[in-house]
Amino acid sequence: MKDEIRAFIVQTLLDMNLGYEADEIQDDTVLGTEGLDLESLAMAEVAVRVEDRFGVEFGPDEAERLALMTVSEFVATVDERVGRTTNVPQ
């Protein structure tokens, strides 16, 4: 699942035409100012697309924390939340 999540995040960043090439987006690349320098609106857009695709949810107070994550940390966070939503008893 992590490979699928990572591929989706990378493709989302490329689709947003932010000026990055796929080889610039590595697992240890920070999403915010220390790496890709995603502004808050761009980070929110990535989060919304991830929410829609994987059925997870990020609160409005999480944007700053998400921007401090590396790509691999963001993937792990999404993967953990996907696991929680798929393991909920019906």
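Predicted, not measured: the structure shown is a model, and the values here were computed from it.
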Inset, instruction - Give, for atom CD1 of I5 and atom CG of D79, the distance between the pair rounded to the nearest 0.5 Å. - result: 4.5 Å

Legend entry - Euclidean distance, M43 CE relative to E62 CD, rounded to 0.5 Å: 10.0 Å

Legend entry - In one Ile/Leu/Val/Met/Phe/Trp/Tyr side-chain cluster, 4.5 Å: I9, L18: yes

Inset, instruction - Examine V10 and M1 and state if one hydrophobic cluster contains both, with Ile, Leu, Val, Met, Phe, Trp and Tyr joined whenever side-chain heavy atoms are less than 4.5 Å apart. - result: yes

Check: [Y] and [X] side chains under 4.5 Å, non-hydrogen atoms:
| X | Y | value |
| --- | --- | --- |
| F74 | V50 | yes |
| L13 | L38 | yes |
| V71 | I25 | yes |
| R81 | F54 | no |

What pair of heavy atoms forms the shortest contact from [X] to [Y], and how long is it?
| X | Y | answer |
| --- | --- | --- |
| V56 | V78 | CG1-O, 4.1 Å |
| M16 | V46 | SD-CG2, 3.6 Å |
| L31 | L66 | CD1-O, 3.6 Å |
| A22 | L14 | N-CD2, 3.7 Å |

Legend entry - Pairing of E4 and R53 as salt bridge, 4.0 angstrom limit: yes

Legend entry - D52 atom CG, neighbour heavy-atom count above 12 within 6.0 Å: yes

Inset, instruction - Return yes when atom CD of E57 has more than 12 non-hydrogen atoms of other residues, nucleotides or ligands closer than 6.0 Å, and no otherwise. - result: no

Inset, instruction - Check the pair V30, M69 against side chain to side chain contact (heavy atoms under 4.5 Å, CB included), reporting the backbone distance first and the verdict last. - result: CA-CA 6 Å; V30 176; M69 291 182 176; over 6 Å; no

Inset, instruction - Look only at the side chain of Q11 and the backbone of F8, and say whether a donor-acceptor pair between them is shorter than 3.5 Å. - result: no

Inset, instruction - Sort and list the pairs that fulfil salt bridge (Lys or Arg N to Asp or Glu O under 4.0 Å) and have at least one residue in residues 5-26, not counting sequence neighbours. - result: R6-D27

